[in-house]
Amino acid sequence: MTSSLFRGRPRRATAHIRVRVAHAVLGILVGAAWLVLPVMTVDARDPVPVAPVGAVASAAAPQQDGTSTADLVLPLIAGVAAVALAGYGWLRRTRRTRTRTTPGIVSTRPPVPTPADSERQARAALRLADDCVRTSREELSFVRERFGEQRTEPFTHALRAAETELSAAFAIWRRYEEGVPEEAGARRQALAGVTGRCAEAGRRLDAEAEALDRLRGLTADEEGLRAALEVAEERFRELAARTMAAQRTLAALRERYAPSATGSVTGYVEQAKDRLVFAGARLNEARQAADVGETRRAAWQLRAGEGAVAQTGVLVGGVERLAAQVRDAAGLVPAALTGAEAELATARRPALKPGEPKTRPAPADRGTAADRRTPPTPGEPDARPAHVDGVLAAVREELTGGPYDPLDALRRITRAVERLTGTRSGVLDAAALLVARSSVAGAEEFVGVHRGAVGTEARARLAEAARELGADNAGWADVVAGEARRLADRDVRAHGTEGDAAGLAGAVLGGILLGEDPDGGPPPAFGGPRTRSRLHT
C-alpha cells in the first residue's frame with residue numbers, strides 16, 4: 001500500500017528528485033573519467049608530443065621531473081565541478097526547506113500550544129459559534145414563518161442544542177477569566193472544553209444545514225424562491241411602517257423624559273433606515289435574478305436581504321421595547337419609593353425578637369449586586385440608612401422637578417435598599433427585575449446588530465448577564481449587562497462608524513455580509529462554521 005505521504009507528494013517534488021539524480025550521475029562520470037584517463041595513456045609510445053629540438057628545448061627542460069601542467073588541470077577542473085555541484089544541491093535543499101508546503105517528516109509528538117495560543121483559539125471559537133447561532137436564529141425565523149412550527153421542529157431543536165452548548169462554553173470561559181481552575185493543567189483542559197463546546201454547537205447546526213436548504217428550495221425550485229421572497233418582502237413593508245412609528249415614539253420619549261432614558265437606543269432609527277435601504281436593494285436584485293432564472297444569485301441576494309430585514313426588526317423592536325419599559329417604570333417608581341421607605345423603617349427598628357418573621361432574602365448566593373460591586377467597609381452600615389434617605393430624596397425631587405429617567409430611578413432605589421438590608425420586598429423585586437430585563441435586552445440587541453465588530457469579552461459578559469437573569473439574580477444581571485454594553489460600544493467605536501448610500505458598511509458591521517470581499521462577501525446562512533458561508537454567486 002502506498003503511504004499517504006507519498007500519495008500526497010506533488011509533481012514538483014518528483015522533478016526535484018530527478019534533477020538531484022542527474023547531478024549525482026554527472027559527478028560520478030566526471031570522477032570516473034579522471035581515474036581512467038591515466039590508465040588509457042600508460043602504454044602510449046609518446047604520451048606527450050615531442051617538441052622539436054632546438055628552439056623549444058629550454059621550454060621542455062622544467063618537465064624533466066615527470067609532472068606536466070596538463071596533469072594538474074584535469075583534477076582541478078573535476079574538483080571545482082564537484083564543489084559546484086555540491087554547493088548547488090545544498091542551496092536547493094535549503095530553499096526547499098524554507099518554502100516547502102508539502103508534508104515532510106511528521107513528528108509523532110506535535111508541539112504543545114502555549115496558554116496564549118489556546119486562549120486566542122478559545123476566543124475565536126466563542127465568537128464564531130456565537131455568530132453562527134445568531135445567523136441561524138435569524139434565517140430560521142423566515143423559514144418558520146413560511147412552513148410553520150411542525151415542519152421546522154428539527155431545525156429549532158438543533159438551534160436550541162447549539163445555544164445550550166454555547167452557553168456552557170461561555171460559562172466555562174467566564175470561570176476561566178475569574179481564575180477558576182487555578183492549576184495549569186486544569187486551565188488547559190478548561191480552554192479545551194470551551195473550544196470543544198463551540199465545535200459541538202457548530203456541528204449541531206452544520207448537520208441540519210443541507211436539510212434546511214432542501215426545505216427552502218431556493219436554488220432548486222423557482223417556486224420556493226418566489227415564496228421566500230414574498231415572506232421577506234411582506235416583512236420588509238411591515239417594518240418600513242414600524243420604523244416611521246418608532247421615530248415618532250422616540251421623539252415623544254425625548255420630550256417627556258431625560259436624555260439618559262433613551263440613551264440605550266440612540267441611533268437605532270437611523271440604523272434601521274440604513275438596513276432597510278440595503279434590504280430593499282437586495283430583495284429587488286433577488287426578484288430580478290429570479291425572473292431571468294439565475295436562482296443561485298437570487299438566493300444570495302435573498303439571504304442578504306433577509307438578514308437586513310431581521311436586523312431592522314431588532315432595531316425597531318428595541319425602540320418599541322424601551323418605550324413600553326419606560327412607561328412601566330414610570331408607573332412603578334411611586335410604589336418603589338413607598339416600598340423603600342418601608343424597608344428603611346424596618347432596618348432602623350431594633351433587632352428582631354426570636355420567632356419574628358423576616359422578609360425573604362435576596363436569591364443570590366454571591367451577595368447583592370451592590371455588595372459585590374462595592375464591598376462594605378468598617379463603619380459603613382451606620383451610613384447606609386443616610387445613603388438610602390439621600391437616594392429617595394433625590395428621586396422624589398426628580399419626579400416633581402422635571403424630566404427624569406424612570407429606569408435609572410428604579411435602579412438607584414433598588415440598589416440602595418439592597419445595600420442596606422440585603423433583602424427585597426415584592427415591589428422592589430419587580431422593580432429590579434424590570435431594570436435587569438431592560439439592560440439585558442438592550443445589550444442583546446446592540447451586540448446582535450453590531451456583531452461584525454463586537455469581540456468575545458462583550459459577548460461573554462452578555463451571556464453571563466442572561467444566566468444571572470435566569471437565576472433570579474436581577475441586580476447582578478443589570479450590572480453585568482451594563483458592562484457588556486460598554487465593552488460592545490468600545491469595540492464598535494474602534495471598528496468605525498457605519499453609514500453609506502447603499503448600506504454596505506452597516507451590513508458588514510452587522511454581520512449580514514461576511515466582509516470577505518470588497519463587495520461585502522457572501523451572506524452567512526443557517527449552519528455552523530463549515531456551512532455558514534455556502535451561498536456564493
Side-chain angles (χ1 to χ4, degrees), residues 239 242-272 311-340 369-370 391 394-395 398-399 402-418 424-450 461-462 464-486 488-489:
L239 284 169
R242 285 175 58 192
T243 300
M244 302 309 298
Q247 185 172 12
R248 295 190 294 269
T249 299
L250 191 57
L253 287 174
R254 288 170 175 166
E255 290 179 1
R256 184 172 182 182
Y257 299 104
S260 61
T262 58
S264 63
V265 296
T266 298
Y268 274 25
V269 171
E270 290 75 16
Q271 293 176 45
Q311 291 197 8
T312 302
V314 172
L315 292 163
V316 173
V319 175
E320 296 168 345
R321 169 198 57 78
L322 181 66
Q325 289 175 336
V326 166
R327 287 193 297 267
D328 292 342
L332 195 56
V333 167
L337 283 171
T338 302
V391 170
V395 171
E398 291 172 2
L399 283 174
Y404 76 110
D405 182 346
L407 286 168
D408 184 62
L410 289 180
R411 177 180 291 112
R412 286 181 288 148
I413 292 170
T414 55
R415 287 185 181 181
V417 172
E418 281 187 287
R424 292 201 302 260
S425 66
V427 66
L428 293 178
D429 232 0
L433 187 60
L434 176 61
V435 171
R437 285 175 175 169
S438 179
S439 296
V440 174
E444 172 67 32
E445 292 157 359
F446 188 85
V447 171
V449 299
H450 298 90
R461 294 299 184 277
L462 176 58
E464 182 184 4
R467 289 194 304 273
E468 295 291 345
L469 185 60
D472 200 20
N473 260 339
W476 189 239
D478 176 43
V479 171
V480 180
E483 293 178 0
R485 178 61 186 267
R486 286 189 291 273
D489 274 325

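For the numbers below, each heavy atom of this structure counts, side chains included, while hydrogens, waters and symmetry mates do not.
Of all non-hydrogen atoms in Ala436 and Leu469, the two that sit nearest each other are CB-CD1, 3.8 Å. Summarising the geometry of Leu462 relative to Ala443, their closest heavy-atom pair is CD1-CB, 3.8 Å, with the distance given to 0.1 Å. When all heavy atoms are compared, the tightest approach of Gln271 to Val449 is OE1-CG2, 4.5 Å. Of all non-hydrogen atoms in Val395 and Ala409, the two that sit nearest each other are CG1-CB, 4.1 Å. Residues Leu337 and Leu399 share a closest heavy-atom pair of CD1-CD1, 3.6 Å. Contact detail for Val447 and Ala488: the closest heavy-atom pair is CG2-CB, 4.1 Å.
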side-chain contact (heavy atoms from CB on, under 4.5 Å) between Arg411 and Asp405, intermediate numbers included: CA-CA 10 Å; Arg411 177 180 291 112; Asp405 182 346; 5.7 Å; no

Show your reasoning for whether side-chain contact (heavy atoms from CB on, under 4.5 Å) applies to Thr414 and Asp478. CA-CA 11 Å; Thr414 55; Asp478 176 43; over 6 Å; no

Evaluate side-chain contact (heavy atoms from CB on, under 4.5 Å) for Phe446 paired with Asp489, printing each intermediate quantity in order. CA-CA 8 Å; Phe446 188 85; Asp489 274 325; 3.0 Å; yes

Just list the side-chain donor-acceptor pairs under 3.5 Å for residues 312-336, sequence neighbours left out, or say none.
| unit_1 | atom_1 | unit_2 | atom_2 | d |
| --- | --- | --- | --- | --- |
| Thr312 | OG1 | Ala308 | O | 2.8 |
| Glu320 | OE1 | Arg242 | NH2 | 2.8 |
| Glu320 | OE2 | Arg242 | NE | 3.2 |
| Arg321 | NE | Glu445 | OE2 | 2.8 |
| Arg321 | NH1 | Gln325 | OE1 | 2.6 |
| Arg321 | NH2 | Glu445 | OE1 | 3.0 |
| Gln325 | OE1 | Ser438 | OG | 3.0 |

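Residues Val265 and Leu253 fail the side-chain proximity criterion, which asks for heavy atoms closer than 4.5 Å. Residues Leu407 and Leu434 have side chains in contact (heavy-atom distance under 4.5 Å, counting atoms from C-beta outward). Considering only heavy atoms from C-beta on, Val479 comes within 4.5 Å of Arg415 through its side chain.
Looking only at distances, no side-chain donor or acceptor of Arg412 sits under 3.5 Å from a matching main-chain atom of Ala394.
Distance check: Ile413 CD1 to Asp408 CG gives 10.0 Å after rounding to the nearest 0.5 Å. The NE2 atom of His450 sits 8.5 Å away from atom CD of Gln311, with the distance rounded to the nearest 0.5 Å.
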